[in-house]
Amino acid sequence: MNFLASINVNIAGYIIMAVVFATMSSLSIALFFGKGSVFISGYNYKAKGGEAKKYELVLCRAVSIFIMCLNITITLVIFAVSNENTVLQYVGFGLLAAVLILGLIFISTNKKIRVAQKQAVLLSEKFIKSQTYKKAEGNDQANNEK
């Protein structure tokens, strides 16, 4: 009876591990190809133009690599917990903490990423202003014709 209970716990752990791995991997792949910028907090605008897309892709790829590293460590932790391996649990939680701290520091302080964020926002704002100006200009012409 005890043997069957441990098998069910292991199977549940593997199922949870597979679901978490698949979900985070799909999010990471989408971000790596620049298709998921709406998932990045504080970065939810539509980049217009070639330059803004390039800068958006730099940030998306950095976040994608960060998520994949988190994914690997979380999978390791779930595997260790489901197999009741305490040494592997300590290693997994230590790696998870290191990846979280170092990844967030890297993303927030990397000069290339910070420049990319600023440039993408500036280019997007410039595009929005030009579109607003064109709309206002079109409205003025329509009013003059009346």
Side-chain angles (χ1 to χ4, degrees), residues 1-139 142:
M1 187 74 172
N2 204 4
F3 176 72
L4 290 175
S6 70
I7 289 175
N8 289 338
V9 169
N10 285 345
I11 291 172
Y14 294 138
I15 291 171
I16 291 170
M17 184 173 58
V19 168
V20 168
F21 189 80
T23 304
M24 290 182 72
S25 293
S26 61
L27 177 64
S28 180
I29 289 169
L31 281 170
F32 189 78
F33 292 108
K35 302 294 182 192
S37 64
V38 295
F39 295 117
I40 300 174
S41 178
Y43 202 70
N44 53 356
Y45 71 91
K46 291 287 185 188
K48 307 291 184 204
E51 285 289 311
K53 289 279 186 191
K54 181 181 88 172
Y55 292 124
E56 181 179 353
L57 187 63
V58 168
L59 181 64
C60 284
R61 285 197 173 160
V63 172
S64 169
I65 292 168
F66 174 64
I67 288 175
M68 190 51 78
C69 291
L70 279 177
N71 190 11
I72 291 168
T73 56
I74 288 172
T75 304
L76 177 68
V77 168
I78 293 172
F79 178 77
V81 169
S82 67
N83 288 328
E84 299 174 2
N85 187 341
T86 55
V87 173
L88 201 55
Q89 287 177 13
Y90 290 133
V91 169
F93 281 117
L95 282 174
L96 183 62
V99 166
L100 273 172
I101 292 168
L102 295 175
L104 291 174
I105 289 172
F106 172 75
I107 287 176
S108 63
T109 60
N110 187 318
K111 188 173 184 177
K112 185 177 180 181
I113 294 171
R114 290 176 71 198
V115 167
Q117 286 174 329
K118 289 177 184 175
Q119 290 297 326
V121 169
L122 289 174
L123 289 170
S124 181
E125 287 174 354
K126 208 182 281 187
F127 178 79
I128 290 170
K129 285 179 184 176
S130 70
Q131 293 300 317
T132 305
Y133 178 73
K134 287 179 184 176
K135 285 181 184 176
E137 195 175 82
N139 288 342

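Numbering of residues begins at 1 and proceeds along the displayed sequence.
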Going by the rule side-chain contact (heavy atoms from CB on, under 4.5 Å), which residues pair with [X] if we only count those two or more places apart in sequence or in a different chain?
X	value
Ile101	Ile105
Leu76	Leu88, Leu95
Phe32	Arg61, Ser64
Ala62	Ile113

**Report entry** Counterpart residues, side chain to side chain donor-acceptor pair (under 3.5 Å), relative to Thr73 (two or more places apart)
**Finding:**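 Residues passing side chain to side chain donor-acceptor pair (under 3.5 Å) with Thr73: none at all.
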
Query raised in the report: Which residues pass the side chain to side chain donor-acceptor pair (under 3.5 Å) test with Ser25, sequence neighbours left out?
Result: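 Here the qualifying residues are Asn71.
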
If you round to the nearest 0.5 Å, how far is [atom2] of [Y] from [atom1] of [X]?
X	Y	atom1	atom2	result
Leu31	Ser26	CG	OG	10.0 Å
Leu27	Thr23	CG	OG1	9.0 Å
Met24	Ile74	CE	CD1	4.0 Å

Requested in this report: Quick one: closest heavy-atom pair of Gln89 and Val81, and the distance?
Outcome: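 So the minimum-distance heavy-atom pair works out to NE2-CA, 3.4 Å.
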
Query raised in the report: Closest approach of Phe21 and Thr75, non-hydrogen atoms and distance?
Result: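 Closest heavy-atom pair between Phe21 and Thr75: CD1-OG1, 3.3 Å.
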
Query raised in the report: Does Phe66 reach the side chain of Leu104, with side-chain heavy atoms less than 4.5 Å apart?
Result: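 Yes, at least one pair of side-chain atoms sits under 4.5 Å.
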
